[in-house]
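Chain naming here is simple, since letters A, B, ... match the order of the sequence lines and numbering starts at 1 in each.
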2 protein chains.
Amino acid sequence: MAVQDRQQVTIYEVAQRVGVSIATVSRALRGTDYVAPETRRRVLAAVEELQFRPSRLGQSLAEGRHAANGIVFPDLSGPYYSEVVLGYEEVAAELGNSVLILATHGRPDPSRKVLELARRVDGMVVMGRTVADDVVAQVAEIGVPTVLLARAAVGALDTITADNDTSARQLVEHLLEHGYQRFAYLGDPDSSPDVTDRYRAFREALTDAGRKPPRSPVRCAFDVDAGHRAARRALAGSPRPQVLVCANDEVALGAMAAAAEQGLTVPADVAITGWDDVMAARYAGLTTVHQPMRELGATAARWLQDRMAGSQAAVRREVLPTRLVVRTSCGPHDAEKEVRG
Amino acid sequence: MAVQDRQQVTIYEVAQRVGVSIATVSRALRGTDYVAPETRRRVLAAVEELQFRPSRLGQSLAEGRHAANGIVFPDLSGPYYSEVVLGYEEVAAELGNSVLILATHGRPDPSRKVLELARRVDGMVVMGRTVADDVVAQVAEIGVPTVLLARAAVGALDTITADNDTSARQLVEHLLEHGYQRFAYLGDPDSSPDVTDRYRAFREALTDAGRKPPRSPVRCAFDVDAGHRAARRALAGSPRPQVLVCANDEVALGAMAAAAEQGLTVPADVAITGWDDVMAARYAGLTTVHQPMRELGATAARWLQDRMAGSQAAVRREVLPTRLVVRTSCGPHDAEKEVRG
DNA sequence: GGGGCCACTGTAAGCGCTTCCGGAAGCCGG
DNA sequence: CCGGCTTCCGGAAGCGCTTACAGTGGCCCC
């Protein structure tokens, strides 16, 4: 009742109440060893009566584990990261782990924070361009199982990514079939490993097809607003690009708005493509690349669990397949269809 | 080097190495008491050399605090929750707390999970319709400072919400000025306290203006897809509603797509409004209500900090102002402007 | 009837830290 | 020269739990 009653009831009080040792209480509670049914009953009754809840701290210290794992990501704005984190949290929770989050975006000294996080979890996943490789290596060396997500492999760590290469090539091929000549790329290849790959594959595909890729990307951040501004810049170019290949769907959505504002129709005057296949993309008729975001997170959580359980299996590297989703924003088709790859 | 070297170096090893007691090491590390400069230097050198990092568990147990706080929310899909969580995490991290997340959406037994979370944090915020009031009360009674976010007050807990009433009224008034007669409401008033309020205020405003509110809402979940389906249903009604007032922006975005599919132009054939003012709303020309999402989260984190610091100040209740943002989806205006409220 | 096993329980040793308390020097002023 | 203050440091008591180890009866079986 009293507010200042922060004094938690401990296992000692329960033991005293029942007239047994704390060991017995612990055993009765965890069902880990023989306890007479009658004793157990009395213990549970006392627990109920006193509203005893074992201290997580005491438990963890004794068990030597946190029963928690962490995830560090750059940001949470935009559906992409949210979905990944959600997929991760869902599985981690199912596996009995609490999840600690850490957003590095724009924070001073992310390395310190990551190392700090590493000390409160039994394992963690590190996403994208959040901290340098040596920090990841350090975390791993401390002995905290780590899996990398949407980021280049570091040392002997499990790594899961989505396929950017294949889809980028498919995308370019598809666009070339439309007969487009002048391509612009909207997005910052330095912003995330995914975008780095996409941009590289985009250029390669163009080169392989005997076309000249754009001199440089139109750099912009990962949001609708940035995409909007970048598209304005791109469309001001002369000759005007025929296609805006955008690093993700937010950027593409912004680009579509920018095109509309300039009186350009998509795809007649300019084709636009995105990446990720967020829900809004469908309604915008955006041609994009579908990514299994939830699954990325979920898989990371499962792999992490294996490592935390002590698995010494070979390093896992997996590239989840993506899928080109053709809608209307890239040009007219006989019928709207989804090309699978 | 060895992988199985999970054995962390402890404060004892450092102490032994330097030839002092663990007490001295602790003091040198935390700078909490007198330590001879030379001793400190040697301790720090040993710490560096052994790569000693104090165990968070040991520290927490001794200090009696977790240095962490939690946030429970229904879901992370859609920009709304993400933004709130991000605002929260940002401030919490600044204040030196790690943050634990818990998504209740669709999980069995959220109460147990929430109670569990409560035992690993020094304080937590509970958002929206995640768990019943009695669970919140229980958490508070355990002695875990709690602040409520976007949810009706429970007991003597700090509560922060966004203003739904005023904005709903402004929205309705604005729509009435357009001369609309037939209103439909898309969203599930039972899905979240915010929507409950919005729907109620929406009806009241209509009634107050001498209009008859719709018999019932067109119930749908909180995403674009659900909004799309709900709008299709709503638009099939006869006579067709002139306005679709949507519970949030995702729903409205879905509704806009549905209208377009049916060959209806917005706002000429049907006006559509949203709620939240997510980034995409701007580019869709969506009239909506701006919510300070980041700030909701940030404020919650700050209040929580006060309570964790032991503040016994009076219960805080704050309703953050929202702002009607008039764009094109509600009807033609002389010039696009933003009406502030 | 006694040895052995099984079911049950208590004792106590940690887990890795923080911090109270008290002792030991060193230093200063009277 | 001595009392008292300041500075520095070690001992040890927790913090709240888990679990290895060591019993102690009771029962069964030969």
Side-chain angles (χ1 to χ4, degrees), chain A residues 6-44 46-47 50-68 96 116 118-122 142-144, chain B residues 6-44 46-47 50-68 96 116 118-122 142-144:
Chain A
R6 292 288 273 111
Q7 193 72 355
Q8 292 295 330
V9 3
T10 71
I11 199 172
Y12 288 94
E13 295 166 54
V14 178
Q16 189 170 18
R17 177 90 162 204
V18 181
V20 297
S21 71
I22 59 168
T24 298
V25 174
S26 177
R27 283 189 286 246
L29 244 28
R30 349 185 76 219
T32 173
D33 206 347
Y34 297 115
V35 172
E38 169 61 12
T39 308
R40 176 190 310 275
R41 203 194 48 70
R42 284 169 47 222
V43 167
L44 295 183
V47 163
L50 295 174
Q51 282 292 305
F52 167 70
R53 298 284 174 270
S55 147
R56 184 70 247 177
L57 249 22
Q59 263 178 320
S60 286
L61 188 58
E63 288 176 2
R65 67 185 216 111
H66 299 267
E116 221 169 277
R119 294 189 17 253
R120 358 176 94 248
V121 296
D122 302 316
I142 289 175
V144 177
Chain B
R6 292 288 272 109
Q7 194 69 355
Q8 292 295 329
V9 2
T10 71
I11 198 172
Y12 287 95
E13 296 167 54
V14 178
Q16 188 171 18
R17 176 91 163 207
V18 181
V20 297
S21 72
I22 58 167
T24 298
V25 175
S26 177
R27 282 188 289 247
L29 244 26
R30 348 187 77 220
T32 172
D33 205 348
Y34 297 115
V35 171
E38 169 60 11
T39 307
R40 174 188 312 275
R41 202 194 49 69
R42 284 171 44 225
V43 168
L44 295 183
V47 163
L50 296 175
Q51 281 294 304
F52 167 70
R53 299 285 175 268
S55 147
R56 186 66 252 177
L57 248 22
Q59 262 178 321
S60 286
L61 188 59
E63 287 176 3
R65 66 184 216 110
H66 299 267
E116 221 170 276
R119 294 184 20 249
R120 359 175 94 250
V121 297
D122 301 317
I142 290 175
V144 177

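Between the P atom of C:dT9 and the CD atom of A:Glu38 lies a distance of 10 Å, rounded to the nearest Å. Regarding B:Phe52, its CZ atom lies at a distance of 8 Å from the C1' atom of C:dG16, rounded to whole Å. With rounding to whole Å, B:Glu63 atom CD is found 11 Å from D:dC15 atom C1'. One atom, CZ of B:Arg56, and another, P of C:dT18, lie 9 Å apart when rounded to the nearest Å. Between the CZ atom of B:Arg40 and the C1' atom of D:dC9 there is a distance of 13 Å, given to the nearest Å. For the pair B:Gln16 CD and D:dG10 P, the computed distance is 13 Å after rounding to whole Å.
Side-chain contact between A:Ile142 and B:Gln51: absent, with no pair of heavy atoms (C-beta onward) separated by less than 4.5 Å.
At the heavy-atom level, B:Thr39 lies under 4.0 Å from the strands shown only through sugar-phosphate atoms. Residue contacts shown for B:Leu61 include a base, since a base heavy atom lies under 4.0 Å away.
Using a 4.0 Å cutoff on non-hydrogen atoms, the parts of residues 20-36 of chain A near DNA chain C are A:Val20, A:Ser21, A:Ala23, A:Thr24, A:Arg27, A:Tyr34, A:Val35, A:Ala36, ordered by number.
Side-chain N or O atoms of A:Arg42 include none that pairs as donor or acceptor with a backbone N or O of A:Gly19 at under 3.5 Å.
At the phosphate of C:dT18, OP1 or OP2 sits under 4.0 Å from a side-chain N or O atom of B:Gln59.
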Is there any protein nitrogen or oxygen under 3.5 Å from a nitrogen or oxygen in nucleotides 23-28 of chain C, and what are the pairs?
none

Under 3.5 Å, which donor-acceptor pairs do the side chains of residues 22-35 of chain B form with other protein atoms, sequence neighbours left out?
| from | atom 1 | to | atom 2 | distance (Å) |
| --- | --- | --- | --- | --- |
| B:Thr24 | OG1 | B:Ser21 | OG | 3.4 |
| B:Arg30 | NH2 | B:Glu63 | OE2 | 2.4 |

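Residue-to-nucleotide contacts include a donor-acceptor pair under 3.5 Å from the side chain of A:Tyr12 to the base of D:dC17.
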